[in-house]
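Read through the structure below, which is laid out as structure tokens, and then see the notes.
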Amino acid sequence: MEQRRKRVSPVSVFFTFFCFLLLRLLCFSGSAEAYKNYTVGDSLGWYDSQEKPAVDYQKWADAKNFSLGDFLIFNTDTNHSVVQTYNFTTYKECDYDDALDSDTKLWSAADPSNTATSGVTVPVPLLKEGTTYFFSSDYDGDQCRNGQHFKINVSHGKGLPESLKSPSEQSPAPNSADYNNDESAPDLVVPSTFNKPRGNQNSNDDDDDDDGDNVKKQSGAVSLLAKYLNWKFNGILFLLGIISIF
């Protein structure tokens with residue numbers, strides 16, 4: 001008697017493939033969230049309330065979740081500036097003239113004497129965790145006092161990408177007595193060799209090198225284990241797909 005060959009239902013094939021994709025998504029979803037670009041003020045751009053009465057930058061910022069490596073995009077003109085600071089006093093006074101270079105940065109300077117303004121786009125990377133302040137200081141701080149300011153909290157997220165890592169940029173702003181409650185700058189990082197005798201420095205450096213080698217070896221082993229488990233997992237899913245077909 002001729003044996004009939006079992007035919008695979010298209011529905012069964014589709015269901016198997018769908019389960020495979022679903023499991024893959026469940027395994028890897030949320031593990032590699034991309035860095036984000038935020039356009040400050042959205043379509044309103046970066047202007048004071050005298051020019052754009054509807055602006056509310058703090059309300060805009062409060063609805064966002066910012067992380068290290070994200071970018072803020074300021075769409076403005078040459079009559080407005082972009083000042084970033086970790087110093088609450090500088091932010092409160094809308095004036096960076098007496099600010100330190102270590103805690104305040106002028107990303108875009110305006111020229112109020114120039115009547116021929118032109119549009120500019122200023123990208124600002126978020127390089128430090130904690131509270132960060134932004135404002136425009138032009139016209140003796142009038143733009144800042146007229147709504148052109150906001151603060152954000154930057155979380156660690158995925159951490160900084162390699163392209164943004166720089167020793168000069170990553171040094172944290174110093175703590176200040178003016179910082180209180182949530183108005184605080186990132187913690188000051190104390191070097192491991194601080195307040196240690198110079199005679200012990202070489203031995204400490206050797207220990208640090210050994211620790212670094214151990215960390216590298218451990219991270220390599222973890223990476224190989226992850227690749228092995230991923231291969232085994234894919235093999236199991238493939239076998240389950242074959243079993244469900246037959």
Side-chain angles (χ1 to χ4, degrees), residues 30-42 45-46 48 55-76 80-109 121-138 141 143-145 147-195 215:
S31 60
E33 185 178 354
Y35 297 102
K36 297 179 181 179
N37 295 334
Y38 294 95
T39 301
V40 178
D42 296 326
W46 178 239
D48 60 278
V55 296
D56 188 341
Y57 294 110
Q58 194 56 61
K59 182 178 179 181
W60 172 86
D62 289 343
K64 307 292 188 296
N65 295 316
F66 303 99
S67 302
L68 288 175
D70 291 344
F71 272 80
L72 299 188
I73 310 299
F74 293 81
N75 292 323
T76 184
H80 297 78
S81 64
V82 178
V83 181
Q84 179 186 22
T85 184
Y86 304 100
N87 191 311
F88 177 67
T89 299
T90 300
Y91 174 72
K92 181 176 63 176
E93 295 179 352
C94 295
D95 184 8
Y96 70 94
D97 288 343
D98 297 327
L100 301 175
D101 292 338
S102 59
D103 63 25
T104 302
K105 185 176 182 65
L106 177 64
W107 288 96
S108 176
T121 296
V122 184
V124 177
L126 301 180
L127 303 177
K128 297 178 183 177
E129 293 182 63
T131 304
T132 306
Y133 308 94
F134 293 91
F135 66 95
S136 177
S137 64
D138 292 338
Q143 291 181 344
C144 173
R145 285 184 283 271
Q148 200 170 2
H149 62 84
F150 65 96
K151 70 174 182 178
I152 63 174
N153 183 65
V154 180
S155 64
H156 182 78
K158 293 172 56 182
L160 284 175
E162 293 296 328
S163 59
L164 291 179
K165 290 182 179 179
S166 170
S168 60
E169 293 289 347
Q170 293 183 46
S171 57
N175 290 334
S176 170
D178 293 316
Y179 299 165
N180 49 40
N181 298 329
D182 64 331
E183 316 291 353
S184 59
D187 294 335
L188 181 64
V189 176
V190 180
S192 59
T193 56
F194 178 78
N195 201 26
V215 170

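Keep in mind it's a predicted model, so treat the numbers as computed, not measured.
Taking the six-membered ring for Trp and thresholds of 30 and 60 degrees, Phe150 and Trp46 have ring planes more than 60 degrees apart, a perpendicular arrangement.
The two residues Glu93 and Arg145 make their nearest non-hydrogen contact at O-NH1, 4.0 Å. Across Gly159 and Tyr35, no two heavy atoms sit closer than the pair O-OH, 2.7 Å. Taking all atoms of both residues into account, the shortest heavy-atom contact from His80 to Asp48 is NE2-OD1, 2.9 Å. The minimum heavy-atom distance between Val124 and Gln84, with the atom names listed, is CG1-OE1, 3.8 Å.
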Taking only distance into account, with no hydrogens and no angle test, what donor-acceptor pairs under 3.5 Å do side-chain atoms of residues 62-72 form with protein atoms, sequence neighbours excluded?
unit_1	atom_1	unit_2	atom_2	d
Asp62	OD1	Gln58	NE2	2.9
Lys64	NZ	Trp60	O	3.4
Ser67	OG	Ser155	OG	3.1
Asp70	OD1	Lys36	N	2.9
Asp70	OD2	Ser67	N	2.9

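In this structure, the side chains of Val83 and Thr90 stay at 4.5 Å or more apart for every pair of heavy atoms. By the 4.5 Å heavy-atom criterion applied to side chains, Leu127 and Leu164 are counted as neighbours.
Side chain of Thr85 to main chain of Asp103: a donor-acceptor pair is present (N/O by atom type, distance under 3.5 Å, no hydrogens or angles).
Taking the centre of each ring, Phe134 and Phe74 come in below the 6.0 Å mark.
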(request) Please report the C-alpha distance between Tyr86 and Thr132 in whole Å, then the side-chain angles of each, then the deciding distance to 0.1 Å, and finally whether the side chain to side chain contact (heavy atoms under 4.5 Å, CB included) criterion is met. (result) CA-CA 5 Å; Tyr86 304 100; Thr132 306; 3.4 Å; yes

(message) Before you tell me yes or no, could you show the steps for Ile152 and Leu126 under side chain to side chain contact (heavy atoms under 4.5 Å, CB included), namely the whole-Å CA-CA distance, both residues' side-chain angles and the distance that decides it to 0.1 Å?
(response) CA-CA 10 Å; Ile152 63 174; Leu126 301 180; 3.9 Å; yes

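For CG of Asp97, the number of neighbouring non-hydrogen atoms (other residues, nucleotides, ligands) closer than 6.0 Å is greater than 12. The environment of CG in Asp101 is sparse: at most 12 heavy-atom neighbours from other residues, nucleotides or ligands sit within 6.0 Å.
Applying the side chain to side chain donor-acceptor pair (under 3.5 Å) test to Ser81 and every residue at least two apart in sequence or in another chain returns Ser136. Under the rule for a ring-ring contact (aromatic ring centres under 6.0 Å, His included), Phe135 has no partner lying at least two apart in sequence or in another chain.
A distance of 6.5 Å separates NZ in Lys151 from OG1 in Thr131, rounded to the nearest 0.5 Å.
In summary, the side chains of Thr121 and Asn75 do present a donor paired with an acceptor at a separation below 3.5 Å, with no hydrogens or angles considered.
For the side-chain hydrogen bond (donor to acceptor under 3.5 Å, both in side chains) test with His149, the passing option among Tyr133, Tyr57, Tyr91 is Tyr91; the others fail.
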